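Comments concern the structure below.
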Protein chains: 2
Amino acid sequence: MQDIDAIDRTILSILSQEARIPMKSLAGRIGLSRSATTERVTRLEKAGVIRGYRADIGQLEEGTIQAFLLVTLKRTPSIGVLDRLAGFSSVRKVSSVSGQLDLVVEVEVGSINALNELRNEVATMDNVEDLTTSIVLRRDIERS
Amino acid sequence: MQDIDAIDRTILSILSQEARIPMKSLAGRIGLSRSATTERVTRLEKAGVIRGYRADIGQLEEGTIQAFLLVTLKRTPSIGVLDRLAGFSSVRKVSSVSGQLDLVVEVEVGSINALNELRNEVATMDNVEDLTTSIVLRRDIERS
DNA sequence: GGTGCAACCGGCATATTGCCGGATGCATCA
DNA sequence: TGATGCATCCGGCAATATGCCGGTTGCACC
């Protein structure tokens, strides 16, 4: 049960695309009963493999300003910070990285004001030690 | 109805953290009936504001290593550096940013060795003043 | 062969959803 | 002013999904 087997991987790949799918439908797709499927999903949640379920929010308006927030934490890991980041619809991508930095956060906001607000919110989070903001001036290379 | 009002924003912020919450509970939290809440959510989905619902997976698949190269240039802009970066197939995205940094380069390589080679190549480019490498340990949030 | 255990299944009571008709507020316009 | 259209809201009912349970199976370990 410690292992993540092929069925678990199927579950994860389905849920990472359609998190609100009923357990019954999920069960049908992977060929298990509903109760076995529910047990597996519950186990994955408890084990921390599934951290939660998020709505994927598109841009609210003309989200044209993109920026990188380079975050150094006081302690790692910090689930609290990640959860709060996930709550901002302007947060597009968060990567935990090695080295001096801890998190690279890519954001997309509608205005400099919004960016400043977001920056402040993140900077004042408990576990955030340091925060550098870099606004994207130009996208030079972008490959699928 | 084209507008996204305060209630919609509340809905989005709740769903971006608990995407599997029953509509009935969501309705209770925002103080509307279930049917009105469902209508709003459906509208947000159709409008593309909600792009989907994703399970937040806490582990990374093996195989490719992703990293950020945070580049400071001696002079900006530097077409030469951009051209040479574009020549590496492992370079996925390059952003010119404001502030202390100049470029944020996202790369994807097959091994630590490949990353080190790439790092060396970039670090020794003429116009590169400073280079910080941060390996992505985990992708915490990713929205299309 | 007995015991413990993880994983599976189905069933029943309860909770949630999909879908409907109908009320309300509001702008438009003859 | 009163009729019309429309967006938004509400509650109700049947269909569906969930939570929770007991029971079965396969397997490792004495």
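Every heavy atom of this structure was used, including side-chain atoms; hydrogens, water molecules and symmetry mates were not. Treat the numbers as computed from the prediction; the structure is a model and nothing was measured.
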May I have the distance from Ile21(B) (atom CD1) to dT17(C) (atom C1'), rounded to whole angstrom? 15 Å
Given atom CE of Met23(A) and atom P of dC8(C), what is their separation to the nearest angstrom? 14 Å
Any donor-acceptor pair under 3.5 Å from Arg20(B) side chain to Ile21(A) backbone: yes
Report for the helix from dG1(C)-dC30(D) to dA30(C)-dT1(D): angle between first-end and last-end helix axes, five pairs each, rounded to 10 degrees. 20°
Could you state the CG-C1' distance from Leu26(B) to dT16(C), rounded to the nearest angstrom? 13 Å
Please pick, from dT17(C), dC9(C), dT18(D), the nucleotide with the shortest atom-to-atom distance to any side-chain atom of Lys24(B). dT17(C)
To the nearest Å, how far apart are Ile11(A) CD1 and dC8(C) C1'? 13 Å
Nearest heavy atom decides the nucleotide; on that basis, is Arg20(A) or Thr37(A) closer to the 5' end of DNA chain C? Thr37(A)
As a test of reading the structure: which of dT16(C), dC10(D), dC9(C) is closest to the side chain of Ser25(B), going by heavy atoms? dT16(C)
Starting at the 5' end of DNA chain D and moving along, which residue's nearest nucleotide shows up first, Pro22(A) or Glu39(A)? Pro22(A)
Measure the distance from CG on Leu32(A) to P on dA6(C) and round it to the nearest whole Å. 18 Å
Side chain to side chain, Leu101(A) and Leu70(B), heavy atoms closer than 4.5 Å: yes
Could you tell me whether Asp126(B) and Arg84(B) have a side-chain N and a carboxylate O separated by less than 4.0 Å? no
In the structure I gave you, are the side-chain heavy atoms of Val97(B) and Phe68(A) within less than 4.5 Å of one another anywhere? yes
If you check every side-chain atom of Ser35(A), which of dG10(C), dC9(D), dC10(D) has the closest atom? dG10(C)
Which whole-number value in Å describes the distance from Ile7(B) CD1 to dC10(D) P? 9 Å
Measure from the side-chain N and O atoms of Lys93(A) to the backbone N and O of Val107(A), and report whether any donor-acceptor pair falls under 3.5 Å. no
What is the separation between atom CZ on Arg40(A) and atom C1' on dA6(C), rounded to the nearest whole Å? 11 Å
Name of the residue among Leu82(B), Val122(B), Val94(B) meeting side chain to side chain contact (heavy atoms under 4.5 Å, CB included) with Val105(B): Val94(B)
Keeping Arg119(B) on the side-chain end and Ala114(B) on the backbone end, is there a donor-acceptor pair under 3.5 Å? no
Contact class for Arg34(A) (heavy atom, under 4.0 Å): base, sugar-phosphate, or nothing? base
